[in-house]
Participant: 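First the structure, which I've put down as structure tokens, then a few questions once you've had a look.
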Amino acid sequence: MKSKSKLFLILAAACLAGWAFITIIPLYWMVVGSVQDSAASASFRPEMLPGALSIAPYERFFAKTAAWRWLANSLLISTVLTITNVFFASLAGYAFSKLKFPGSKAVFWLLLSTMMIPAQVTLIPLYVLVVNVFNLGDSYTAIILPTAVTAGNIFLMKQYMSSLPTSLIHAARIDACSEFGIFWKVILPLAKPGLAVLAIFTFVASWNEFFWPFLITNSTEMRTIQVGLASFVFAESTDYGAIMAGATVGALPMLILFFSLQRYFLQGITIGAVKG
Amino acid sequence: MQTTIAPKRRSAAGRFWREYGWAYLFILAPVLLFLIFTLYPVISALVMSFQQYNIMQSTWVGFDNYERLFKDDTFWKSIWNTVVFTVCTVPVNIVITFVLAHFIYQMKTKWQTFFKATMYLPAVASGVTISIVWLAIFDPTDVGLLNRFLGLFGLDPVIWLGQSKTALFSLILMNWVGSHGAGIILYLASMGGIPKSLYEAADIDHASGWTQFRAITWPLLKPTTLYLLVTGVITSFQVFISVYMMTQGGPNFATTTIAYLIYQTAFKFYEFGLASAQSFVLAFLIILVSVIQFKYFSSDVEY
């Protein structure tokens, strides 16, 4: 590419810095607002630069809610969903990319086509099925089961595994390794970077999921942190300090995860989305 | 999908399962989940949309639900709101994403990483978190960040979410400032894939920067733009969390989107049949728009 002038580069950098600033401000304000004491007054004005730091908003948030339970629920659900999605999506992805069997293409495209159907279509029968037929309302199983493995994740794993060398599979087969043994001992170790990316994205998505847990849970104890936060906002809409504290509690684990695994996040997005 | 048949003799079926059984076993879980939690609900929703649905006893009403919704002003209002929201957010976001990616591409590797990370950061926060913070930013008094900003110019506080004429715009504004990180990273990956020789050839021909952009960069990035366009529209058509958290569809239905209307019809008024009909209209719109986008926007450039 033509070497750009210095002036252009400086202007570009200034634009980027400006936009980055705008992007970060809401999150920054959330964290800063959560460590200033508002004393629950409606006239509370969170300042951009905190004066005296206070953990009082956090104390109020945890005192008024079942936040520890919500966090534990979210952690449990996200962990289970990550394990089931990584395991079943890589297993199916392996089958669709490396094994030949009748109907393979048809089943794959049928699974994939479900990604086009908006969630709203299946929502109502799914709710009736889970609550009235299976009688699973307000349970972990109800939250986990419908997304235990998603078509999108299978697609990602199929894409990823297509790039793995087939010769190793043949070699293992000659050594009389069972098909599951090949998957477990040959494919999984080779696919580790892809699995890591899938795990991270599934974990974050499950942690942030709102709608389905919101519909399916009734009791306070079964809420996830996201659903609990929403209910807290409607109950305590004037206590900005505590609300900001709650929002921070819900987001902070993911922010920390992002800072420690940044590389995977930034590389992972391109799997399956960009050709070549 | 039975896979555990253990044949004693060498039958054709036995050979079939020995050869393919593993593969079927490997896809068994997703297929079962798909049958129970997707295929059955889709068919069931279609049936429901022709019913006055009741858990005990549903009655068949033919096209009544569809007739009802087409005569319903709120339904048309919700479609209008959704379309306005989509038209105002998706193209603007793609332009912002493209410009940011184009700028980042010129930077040194170290700075590229820094800006990619900073731009992506907000995407890690949930819709609930983002909505909570923006509720505070849009606070109608001078507590809100936005009104404080207006105050710097001596302007009066605006009741952002509380009045019909600004509520939908507020949601659009919030969406503009949302995260463009994922799109930026996709664009950067595609930009890296454009052969350098094309630009070198253009330089030899003394093609201007703008010509290079129009003739090389933009057409070759079309697949990525199409991807962002399609996924952007699909997401935007289903916008729910911000509406639920911030305006509850109000004031005076100014922010009622289709997704929010479906939720309300189903889980506030328990009109499952009508809500199913609404959801099929949404599905139809999404598929229609996606097909149009693929048809008129897909790339005919090979490189």
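Quick note on labels: first sequence line is chain A, next is B, and so on, each numbered from 1.
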Participant: Go through the atoms of A:Val227 and report whether side chain, backbone, both or neither lie under 4.5 Å from a heavy atom of chain B.
Facilitator: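 Contact with chain B is absent: no heavy atom of A:Val227 under 4.5 Å.
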Participant: Please determine, among B:Ser44, B:Ala125, B:Ala117, the option with the most heavy-atom pairs under 4.5 Å with chain A.
Facilitator: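 Ranked by heavy-atom pairs under 4.5 Å with chain A, first place is B:Ala117.
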Participant: Would you mind checking which part of B:Phe267 comes under 4.5 Å of any heavy atom in chain A, side chain (CB onward), backbone (N, CA, C, O), both or neither?
Facilitator: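 Interface part for B:Phe267: side chain.
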Participant: What part of A:Gln226 is in contact with chain B, defined as an atom under 4.5 angstrom from a non-hydrogen atom: side chain, backbone, both or neither?
Facilitator: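 Contact with chain B: backbone and side chain both.
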Participant: Non-hydrogen atoms of chain B under 4.5 Å away: do they reach the side chain of A:Leu126, the backbone, both or neither?
Facilitator: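 A:Leu126 touches chain B through backbone and side-chain heavy atoms alike.
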Participant: More than 12 heavy atoms of other residues, nucleotides or ligands under 6.0 Å from CH2 of B:Trp111: yes or no?
Facilitator: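 No, because the 6.0 Å sphere around CH2 of B:Trp111 holds 12 heavy atoms or fewer from other groups.
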Participant: Given a strict heavy-atom distance threshold of 4.5 Å, which part of B:Tyr53 is in contact with chain A: side chain, backbone, both, or neither?
Facilitator: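 The side chain, not the backbone.
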Participant: Under the 3.5 angstrom rule, does the side chain of A:Ser74 hit a backbone N or O of A:Ile225 as a donor-acceptor pair?
Facilitator: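 Indeed, once roles are kept as given, a pair shorter than 3.5 Å links the two residues.
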Participant: Is the distance between the ring centroids of A:Phe101 and B:Tyr20 under 6.0 Å?
Facilitator: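 Centroid separation for A:Phe101 and B:Tyr20: 6.0 Å or greater.
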Participant: So B:Asp139 and B:Leu145, side-chain contact (heavy atoms from CB on, under 4.5 Å) or not? Walk me through it.
Facilitator: CA-CA 8 Å; B:Asp139 189 290; B:Leu145 218 48; over 6 Å; no
Participant: Considering only heavy atoms, which portion of B:Phe16 lies under 4.5 Å from any heavy atom of chain A: side chain, backbone, both, or neither?
Facilitator: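 Answer is side chain: those atoms of B:Phe16 sit under 4.5 Å from chain A.
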Participant: Is it the side chain or the backbone of A:Val233 that comes within 4.5 Å of chain B heavy atoms, both, or neither?
Facilitator: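 Looking at A:Val233, just its side chain touches chain B.
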Participant: Which bit of B:Ile104 comes within less than 4.5 Å of chain A, counting heavy atoms only: side chain, backbone, both or neither?
Facilitator: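 Both backbone and side chain of B:Ile104 come within 4.5 Å of chain A.
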Participant: Quick check on A:Ile24 against chain B: is it the side chain, the backbone, both or neither that has a heavy atom closer than 4.5 Å?
Facilitator: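 Side chain only.
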Participant: Go through it in stages, so that I can follow the logic: the residues are A:Phe96 and A:Phe155, the test is side-chain contact (heavy atoms from CB on, under 4.5 Å), and I'd like the CA-CA distance, side-chain angles, deciding distance and then a yes or no.
Facilitator: CA-CA 9 Å; A:Phe96 285 125; A:Phe155 176 71; over 6 Å; no
Participant: Just jot down the side-chain contact (heavy atoms from CB on, under 4.5 Å) partners of A:Thr147, sequence neighbours excluded, or say none.
Facilitator: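 Applying side-chain contact (heavy atoms from CB on, under 4.5 Å) to A:Thr147 gives A:Leu81, A:Thr150.
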Participant: What orientation do A:Phe183 and A:Phe180 show, parallel under 30°, tilted 30 to 60°, or perpendicular over 60°?
Facilitator: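 Judged by the thresholds at 30° and 60°, the geometry between A:Phe183 and A:Phe180 is tilted.
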Participant: So which part of A:Leu129 gets closer than 4.5 Å to some heavy atom of chain B, the side chain, the backbone, both or neither?
Facilitator: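 For A:Leu129, the contact with chain B is made by the side chain alone.
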Participant: Heavy-atom distances under 4.5 Å only: say whether B:Leu135 touches chain A with side chain, backbone, both or neither.
Facilitator: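 Contact with chain A: backbone and side chain both.
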Participant: Go through the atoms of B:Leu121 and report whether side chain, backbone, both or neither lie under 4.5 Å from a heavy atom of chain A.
Facilitator: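 Both parts, backbone and side chain.
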Participant: Measure distances from B:Phe115 to the heavy atoms of chain A and classify the residue's part below 4.5 Å as side chain, backbone, both or neither.
Facilitator: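 Only the side chain of B:Phe115 comes within 4.5 Å of chain A.
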Participant: So does A:Tyr28 have more than 12 non-hydrogen atoms from other groups sitting under 6.0 Å from OH?
Facilitator: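 Enclosed: over 12 neighbouring heavy atoms sit under 6.0 Å from OH of A:Tyr28.
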Participant: Less than 4.5 Å to any heavy atom of chain B: does that hold for the side chain of A:Ile243, its backbone, both, or neither?
Facilitator: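 Contact with chain B: backbone and side chain both.
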Participant: List the atom of A:Thr122, the atom of B:Val42, and the distance in Å for their closest heavy-atom pair.
Facilitator: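 Here A:Thr122 and B:Val42 meet closest at CG2-CG2, 3.5 Å.
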Participant: Does any heavy atom of chain B fall under 4.5 Å from the side chain of A:Leu257, the backbone, both, or neither of them?
Facilitator: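 For A:Leu257, there is no contact with chain B at all, as no heavy atom is under 4.5 Å.
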Participant: Please state whether the side chain, the backbone, both or neither of A:Phe201 comes within less than 4.5 Å of a heavy atom of chain B.
Facilitator: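 A:Phe201 touches chain B through side-chain heavy atoms alone.
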Participant: Chain B heavy atoms under 4.5 Å from A:Phe87: which part of the residue, side chain, backbone, both or neither?
Facilitator: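 Neither part.
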Participant: For B:Phe213, does the CZ atom have more than 12 heavy-atom neighbours from other residues, nucleotides or ligands under 6.0 Å away?
Facilitator: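 Correct, the count exceeds 12.
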Participant: In terms of heavy-atom proximity below 4.5 Å to chain B, should A:Ala205 be classed as side chain, backbone, both, or neither?
Facilitator: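 Answer is neither: A:Ala205 stays 4.5 Å or more from chain B.
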Participant: Would you please indicate yes or no on a ring centroid separation below 6.0 angstrom for A:Phe214 and B:Tyr244?
Facilitator: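 For B:Tyr244 and A:Phe214, the ring centres are under 6.0 Å apart.
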Participant: Select one option (side chain, backbone, both, neither) describing which atoms of B:Met245 are under 4.5 Å from chain A's heavy atoms.
Facilitator: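 Both parts, backbone and side chain.
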Participant: Counting only heavy atoms closer than 4.5 Å, note whether B:Ile137 contacts chain A via side chain, backbone, both or neither.
Facilitator: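 It is both, since atoms from each part get that close.
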Participant: Under the rule for side chain to side chain donor-acceptor pair (under 3.5 Å), what residues qualify as partners of B:Ser131, not counting sequence neighbours?
Facilitator: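 Side chain to side chain donor-acceptor pair (under 3.5 Å) check on B:Ser131 returns nothing, list empty.
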Participant: Heavy-atom distance under 4.5 Å to chain A: side chain of B:Ile43, backbone, both or neither?
Facilitator: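 Neither part; nothing is under 4.5 Å.
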Participant: Is it the backbone or the side chain of A:Leu99 that comes under 4.5 Å from a heavy atom of chain B, or both, or neither?
Facilitator: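 For A:Leu99, the side chain is the part near chain B, not the backbone.
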Participant: Side chain, backbone, both or neither: which part of A:Val128 has a non-hydrogen atom closer than 4.5 Å to chain B?
Facilitator: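 Just the side chain, heavy atoms under 4.5 Å.
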Participant: Does atom CZ of A:Phe234 have more than 12 heavy-atom neighbours from other groups under 6.0 Å away?
Facilitator: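 Result for CZ/A:Phe234: enclosed.
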Participant: Kindly say whether the aromatic ring centers of A:Phe88 and B:Phe26 come within a distance under 6.0 Å.
Facilitator: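 No, ring centres 6.0 Å or more apart.
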Participant: Considering only heavy atoms, which portion of A:Lys100 lies under 4.5 Å from any heavy atom of chain B: side chain, backbone, both, or neither?
Facilitator: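 For A:Lys100, backbone heavy atoms alone lie under 4.5 Å from chain B.
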